[in-house]
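Working notes, structure below.
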Amino acid sequence: MKKLLLIEDNEDNIYLTEYLLQAAGYTVVVARTGGQGLTRALCDTYDLIIMDMQLPDTDGFQVTRELRTRPEMRDTPIVAVTSLAMPGDRKRALDAGCTGYIEKPIDPERFVHQLECAAQGEATDPATGNEP
Ligand code: MN
């Protein structure tokens, strides 16, 4: 069973993401702020972290940067999931230390597959699922 930390503040996104991940066999722990996400990430071990980049307190870029300063967090995949669709945000997320990147709105049919690809650093085009 894979254990995943979902750092996300939007209840609709939490509901859908948690549902899809649990159906795929993941155990999901939710954090609703950047601060809570940081604490949870450092207090337990996760196979994967999903990071919303827009959070009410510390944004996902900063949380990711802080996590990456910890030796024990160096190898944990962090996948950015964000509605920010500005050119450059993908690079910004990767520069902050994210392993991969998925754009919202998430596609329920493809989300888990996209996530698992992104966790391995394999880029997928959000529109087509193809390599860019
Ligand atoms: Mn958000």
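Please read all numbers here as calculations on a predicted model, not as lab measurements. Whatever order the structure lists ligands and atoms in, that order sets their numbers, starting from 1. This chain uses plain numbering: 1 for the first residue, then up along the sequence.
- Minimum heavy-atom separation, M53 to C98: CE-SG, 3.7 Å.
- Taking a cut-off of 2.8 Å, the protein N, O or S atoms nearer than that to the Mn ion (ligand 1) are D9 OD1, D52 OD2, Q54 O.
- Between V79 and I49 the shortest side-chain heavy-atom distance does not fall below 4.5 Å.
- Contact of the Y101 side chain with the V81 side chain is not registered, since no non-hydrogen atoms from C-beta on lie closer than 4.5 Å.
- By the 4.0 Å N-to-carboxylate-O rule, E11 lies close enough to R32 to be salt-bridged with it.
- In this structure, T27 and L4 have side chains that are not in contact, with every pair of non-hydrogen atoms separated by 4.5 Å or more.
- K104 meets the salt bridge (charged side-chain N to carboxylate O under 4.0 Å, His left out) test with E8, D52; sequence neighbours excluded.
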